[in-house]
Number of protein chains: 2
Amino acid sequence: MSPAHTDVPSLVGAALPTPVPADEYDGCPVTGLLRLLSDKWSMLVLVLLGRQPYRFNELHRAIGGISQRMLTRTLRGLEAAGLVLREVHPTVPPSVEYRLTPLGQSLLGPLSALADWAVSNEAALVAGRHRAAAAASSGPS
Amino acid sequence: MSPAHTDVPSLVGAALPTPVPADEYDGCPVTGLLRLLSDKWSMLVLVLLGRQPYRFNELHRAIGGISQRMLTRTLRGLEAAGLVLREVHPTVPPSVEYRLTPLGQSLLGPLSALADWAVSNEAALVAGRHRAAAAASSGPS
DNA sequence: CCGAATCCTGCACGATACTG
DNA sequence: CAGTATCGTGCAGGATTCGG
C-alpha cells in the first residue's frame, strides 16, 4: 500500500484508497452524492421543489416528459436520502404533497452554482462543441 | 441466437458506442450540462485535472477502478465539450497529456461547491440511507 | 388522484485481448 | 504508453396496465 503517488484532492475526500466496506457504497461522500444525483431527473425535481411544494401529478405535469414510474422512483430516492419529505393527506381522493427537507434546501445553493455556470457559459459550450465537430470531421480523415 | 458466425472483420463499428455525447441538445443549458456530467467518472476526472495535468496511464492509476475504455470515453466527451485539452507529444514512447481548458477550470468552482456540500452533509446522507434500508426490510415484508 | 406491477429496449460500464 | 476491438451484463428508463 503506497499512498501519495498523486495525492488525491481533498474534494474526493482522500477516499480513493478505500477499504471498500461492501460492494455498495464506496466510501467517498462526493461519489455517493453523485450516484444519487446522476440520473435524469433528480436535480430537476429538487430545483422545482425548491420553489414550492408540489403534489404528485402537479409535479408530473410541471416536468412534462417524465413517466410516472420515473417520477415515483426519483421521489423515493430523494426521500430515502432525506432530501425530500412526503406528506400523505388521507382525503378522498388521496393527495400527497412533496416538499424539501431542510437538508434538501441546503443543497439548493450548490445546485444553483452549477446551474448558473451552465447558463453563463452556454455560448462557450456551444462553441466548443462546434470546434470539436469541425476537428472531428477534418482531422481523422 | 447467434446468426452469422462468419467472421465479418470490421463492418459493424459499434465497438465504441457514442464517440461523443452528440445527443440532441434540447435547448436547456442546465440540462445539457447535466447530461454531460451525469456519468460515473466525468466530474472526478475534471476535479483531478483541475489540480494538475495528467498523462493517460497516470490518470488511469490515480482513479483506480476505471477501465481504459471508460477513461477514453470520458476524456473524449469532455474534450468534445471544450472542457479538456488533449496534447499529443510525438515522442517515443508516445505520451499524451490532458489538461483543463480555461472553460474547464471555470467549472471547478461550482463543482467544488457541490463537493463541499457532500462532505459537510455526509453524516446526514448516511443516516438517511440507513433509515431507508431499515424501512425497506421491515416495511414491505 | 396516487402509485405499484409488469414488460421491454438501449446504453453505460466492465474485462479482456490486440495494435502501433 | 496510449489507445481500439469485441463481447457480455446490469440497470436506467419508457409504455402500459392494474389496484386502492
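Quick note on labels: first sequence line is chain A, next is B, and so on, each numbered from 1.
- Distances shorter than 4.0 Å separate some side-chain N or O of Arg86(B) from OP1 or OP2 on dG3(D).
- Computed from coordinates, the Arg76(B) CZ to dG3(D) C1' distance equals 8 Å when rounded to whole Å.
- Note: NE2 (His89(A)) to P (dG3(C)) measures 12 Å, nearest angstrom.
- Contact check for Val84(A) versus Leu46(A): side-chain heavy atoms found under the 4.5 Å cut-off.
- For the atom pair CG of Leu49(A) and CG of Leu59(A), the computed distance is 5.5 Å after rounding to the nearest 0.5 Å.
- Using a 4.5 Å heavy-atom threshold, the side chains of Gln52(B) and Tyr54(B) count as touching.
- Of the possible donor and acceptor atoms, none in the side chain of Thr101(B) sits under 3.5 Å from a partner among the backbone N and O of Leu85(B).
- At least one side-chain nitrogen or oxygen of Arg55(A) sits closer than 4.0 Å to the OP1 or OP2 atom of dC2(C).
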Just the table, please: protein N/O against nucleotides 16-18 of chain C N/O, every pair under 3.5 Å.
none

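- Sequence order on DNA chain D of the closest nucleotides to Trp41(A) and Tyr98(B) puts Tyr98(B) first from the 5' end.
- To the nearest angstrom, P of dC8(C) lies 19 Å from CE of Met70(A).
- If you measure from atom CD of Glu97(A) to atom P of dC1(C), you get 15 Å, rounded to the nearest angstrom.
- Remark on DNA chain C: of its neighbouring residues Thr72(A) and Pro93(A), the 5'-side contact belongs to Pro93(A), judged by nearest-heavy-atom nucleotide.
- In this structure, Ser106(B) contributes its side chain and Leu103(B) its backbone to a donor-acceptor pair below 3.5 Å.
- Atom-to-atom distance recorded for Ser120(A):OG and Leu107(B):CG is 11.5 Å, nearest 0.5 angstrom.
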Side-chain atoms of residues 63-76 of chain A: list all donor-acceptor pairs with protein atoms under 3.5 Å, sequence neighbours left out, distances to 0.1 Å.
from	atom 1	to	atom 2	distance (Å)
Ser67(A)	OG	Met70(A)	N	3.3
Thr72(A)	OG1	Gln68(A)	O	3.0
Thr74(A)	OG1	Met70(A)	O	2.7

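- For His60(A) and dC1(C), the NE2 to C1' distance is 13 Å, given to the nearest whole Å.
- Remark: the backbone N or O of Pro102(B) is not paired with any side-chain donor or acceptor of Gln105(B) at under 3.5 angstrom.
- When atom types are taken as modelled, the side chain of Asn57(B) and the backbone of His60(B) share no donor-acceptor pair closer than 3.5 angstrom.
- Taking 4.0 angstrom as the limit, Tyr54(B) places none of its side-chain polar atoms (N or O) nearer than this to OP1 or OP2 of dC1(D).
- Protein atom CG of Leu59(A) is 14 Å distant from nucleotide atom C1' of dG3(C), rounded to whole Å.
- OP1 or OP2 of dA12(C) has at least one side-chain nitrogen or oxygen of Arg73(B) nearer than 4.0 Å.
- Counting heavy atoms from C-beta on, the side chains of Val96(B) and His89(B) never come closer than 4.5 Å.
- Between Asn57(A) atom CG and dA4(C) atom P there is a gap of 13 Å when expressed in whole angstrom units.
- An angle of 40°, rounded to 10°, separates the two end axes of the helix from dC1(C)-dG20(D) to dG20(C)-dC1(D), each defined over five pairs.
- Summarising the geometry, the separation between CE on Met43(A) and P on dA12(D) is reported as 15 Å, rounded to the nearest angstrom.
- Note on Gly77(A): nothing from the nucleic acid sits closer than 4.0 angstrom, heavy atoms only.
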